[in-house]
Structures are given as C-alpha cells and as structure tokens.
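When reading the values below, keep in mind they use all heavy atoms of this one structure, side chains included, and skip hydrogens, waters and symmetry mates. Counting starts at 1 for both ligands and their atoms, in listed order.
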Amino acid sequence: MTTRTNPLAGLAGRNFLTTDDLSDAELEALLELATRFKARGHKPLLAGKILGMIFFNPSLRTRASFEAGMFQLGGHAIDLSVGQGVWKLEHRDGTVMDGDAAEHLREAVPVLARYCDLLSVRCFPSGKDWSVERADPILSGFARYSTVPVINMESSLYHPCQALADLLTIRERLKTTKRKRFVLVWCRHPRALPTAVPNSAVLAASRAGMRISIAHPPGFELDPDVMARVRANAKKSGGSVEVAHDFESAFDGADVVYAKEWGSLAHYGDDAAEKALRAQHSGWIVGAKQMRRTAGGFLMHCLPVRRNVALADDALDGPWSAVVDEAENRLHVQKALLVALAGSAGRRPR
Ligand code: CP
C-alpha cells in the first residue's frame, strides 16, 4: 500500500522569504489549499495562534489581509508599526546605537518570538546603496534571530505573498499557464519605487512555464541575480524570457499584462540622475488602447496604483481589469501559507 505525503507538512516551521523557497510540489499544494479555502471555507485551524506583524513601511492590503486571515482562522494578529508606537529598530551589527533606534533586532526578534507563533515583516529598501539592500539586511536579521517562522510581507528584493496571489489569479483566469504570454510592463511614477514586486511577479511566472516578456525603458533592468533565477526557472518549467524596450508592441499577443512602476537600479542612490531618466519615459502609461493590442489578455497590478499616472482610468475600469480579484487572493493564499507554516495543514481543529 502506498501512502500519500502532504507536501505542506514539510513547510511547518519554515520561513517564507521568496517563492523560490518552495519546491514545485509545495507551491502547487499551497495554491490548491488556497483554492479550497476560497471555494469551501475552512475550520479554525489556527485557534490560539498569534501572528506578529512588523511593519517598517505603510500597507493597506498586506496589513488588512493578514489580520483578516488570522481572525478567520481563529487566531490573532498583532500589528506593530516600527517608529509609530513601537521602538525604532537597529539591524546593523556593531553599531553604536546613539541615534534614533532604541532597540536592536538581536533582542527585539527573539522577544517577539516568545509571544508569537509566526512573525511577518515588511521592510522596504532605504534607497541609498543597492549593494547593501540587495542582501535584504532587515529581513535576514529577522530570519537569523527568530525561533518561529518568518514571512516576508515585502522586502528590498521580494514580495512573495503578492506573487502567490498573482499566481492564483493567473491560474483562475487561464485554463493553463504553459506557454501563455506574460508581459511585465514598466510604468511611469513620480517616485523611484522598489523592485520587489516586479522581481516576484516574474519569478512566479517563471515557475509556471509562461513565455515572459519584460518591457521597460533602457536603464530599468532588474537585478541580475534575480534575472538569472528567472531564466533558470523558466528553462526548468518549459517557459522563456525576453527583455524588450518598446512600449506599444509589448502588448501584442499578451495573455497577461502585469503593469508595475519601479526605479532605476543603475542610478540607485543618485536621486537626481534617476529622476531625470524616469522623466524621459512619461509615455509609459497603460490604457485601453494598449489592452486592445493583447490577445484578450487581462490586466494585473499589485496596488496601490496612481490613476492616470501608471494606469489610465480606461485601463483600470475596463473589462480586462483583474486588480481587485488579485488583491482578494492575497487573503486566500496567505491563509494557506499561515496554516502550512504553523504546521496545521493536516490537522483537524479541536
Ligand atoms: N500590494 C500590496 O502589498 O499592497 P499594500 O502595500 O497596500 O500592502
């Protein structure tokens, strides 16, 4: 007799820092569990469990969906906003802490881990030195000092919870993802936004065997290590990756348009040069005209989005827009993730 093992059992007690932390079987099982929760509901699988949510930066969807998810699963979420009622935290080792930060991660994280069953962290890059930020120092500090699972709620490099929701949204709308055309398109924005979302979006698409096209103006290349991972994943999953620099033709034949704004890593830390480069590409705004060039494709964006800056009203309000469904799916995939990391995926509630 053969016994079937649940791939989610192996996630118990682990961190979730990027989608590439998951094997194909684990990723598949997580999306299946999220789909089940969404369709049929669930029992209070996290009764008595506590999630500590540490926000170094603002959020609407991430904060609300994690808190709602913990409540729906019978648990509780503690919202800790650093610098707003919570001490400012230092993450650098060997620092003389005579500045703003009153506490170091070395104490704060293990203390929180004594109160909480899971910790989740949002920590955007500071915009100063990409060679430092690309090591994700704050998230890495949490992972190092925590004795309970750590979930990345968006760091310098990745937004993997968004990527899980993106994958679920794509799977719901396409019968198969294999060889479908996924277009990540750069959009204009008044600020140099981080690259975590585009990184995670293409990483997720690269796991699904999609034909990925990344369209951006020259100078807005994604991190080379991330691109190497995307290419390796695509090769393994039967997909492909190309980079293009023409805005209008990027939409031709697209099944999925993933619109996203991000800053130039080539000018990271040099605000004036980065802004001057970005200002040259004010035509990169997605509207109905562009969506009509797709192969009946649908439009994704992680939100928040500035109307008529990155996406025109007629794009966001058109029949192709999946942005609200995409945001809803944050709730479902995160509930599956929380249950799996807490080791409750296979258990019956009391
Ligand atoms: N997409 C997303 O993470 O939204 P928030 O920044 O509002 O959490």
Side-chain angles (χ1 to χ4, degrees), residues 16-19 30-31 34 38 51-72 77-84 86 118-127 133 136 138-139 142 150-170 172 184-187 189-205 222 256-263 286 298-307 309-311 315-316 321-338:
F16 180 61
L17 308 183
T18 167
T19 45
L30 263 185
L31 293 175
K38 185 174 181 178
L51 169 70
M53 306 187 296
I54 300 95
F55 286 97
F56 287 80
N57 311 96
S59 160
L60 185 150
R61 277 145 293 275
T62 303
R63 174 177 275 119
S65 57
F66 267 108
E67 186 162 344
M70 283 303 291
F71 181 81
Q72 290 173 1
I78 305 176
D79 184 344
L80 301 159
S81 291
V82 176
Q84 296 168 48
V86 171
L118 301 141
L119 295 177
S120 57
V121 190
R122 167 162 285 197
C123 46
F124 293 173
S126 68
E133 303 291 357
D136 252 336
I138 298 179
L139 183 69
F142 272 81
V150 173
I151 298 170
N152 181 357
M153 297 195 294
E154 189 176 342
S155 65
S156 299
L157 268 181
Y158 301 119
H159 195 353
C161 295
Q162 182 65 50
L164 290 179
D166 295 342
L167 265 182
L168 182 60
T169 309
I170 292 168
E172 286 173 342
L184 170 69
V185 62
W186 182 92
C187 296
H189 194 276
R191 290 177 45 233
L193 295 191
T195 50
V197 169
N199 287 347
S200 284
V202 285
L203 264 181
L222 296 176
V256 182
V257 173
Y258 199 108
K260 187 66 189 90
E261 320 83 334
W262 71 87
V286 180
F298 61 94
L299 176 64
M300 302 181 73
H301 188 284
C302 64
L303 305 180
V305 67
R306 294 185 185 225
R307 279 179 173 258
V309 175
L311 300 179
L316 278 164
S321 178
V323 300
V324 175
D325 292 344
E326 185 184 352
E328 180 196 329
N329 281 339
R330 291 288 302 276
L331 176 67
H332 307 299
V333 295
Q334 287 162 196
K335 286 200 297 194
L337 180 70
L338 289 162

>> Can you list everything that forms a side chain to side chain contact (heavy atoms under 4.5 Å, CB included) with Ala259? Sequence neighbours excluded, please.
In response: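 Side chain to side chain contact (heavy atoms under 4.5 Å, CB included) list for Ala259, sorted by chain: Val185, Cys187, Val286, Leu299, His301, Leu311.
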> Would Leu118 and Phe66 satisfy side-chain contact (heavy atoms from CB on, under 4.5 Å), going step by step from the backbone distance to the final call?
Replying inline: CA-CA 12 Å; Leu118 301 141; Phe66 267 108; over 6 Å; no
> Is the closest side-chain donor-acceptor distance between Thr169 and Asp325 under 3.5 Å?
Replying inline: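 The criterion, which ignores hydrogens and geometry beyond distance, is not satisfied for Asp325 and Thr169.
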>> Among Lys335, Glu328, Gln334, which residue satisfies the side-chain hydrogen bond (donor to acceptor under 3.5 Å, both in side chains) criterion with His332?
In response: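 With His332 as partner, side-chain hydrogen bond (donor to acceptor under 3.5 Å, both in side chains) holds for just one option, Glu328.
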> Taking only residues two or more places apart in sequence, or in another chain, which ones meet Arg307 in a salt bridge (Lys or Arg N to Asp or Glu O under 4.0 Å)?
Replying inline: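 Result, salt bridge (Lys or Arg N to Asp or Glu O under 4.0 Å) vs Arg307: Asp313, Asp317.
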> salt bridge (Lys or Arg N to Asp or Glu O under 4.0 Å) with Glu172: which residues, sequence neighbours excluded?
Replying inline: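 Only Lys38 meet the salt bridge (Lys or Arg N to Asp or Glu O under 4.0 Å) criterion with Glu172.
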> So which residues, sorted by chain and number, lie with a heavy atom under 4.0 Å of ligand 1?
Replying inline: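 Within the 4.0 Å shell of ligand 1, which is judged on heavy atoms, sit Ser59, Leu60, Arg61, Thr62, Arg122, His159, Gln162, Cys302, Leu303, Arg330.
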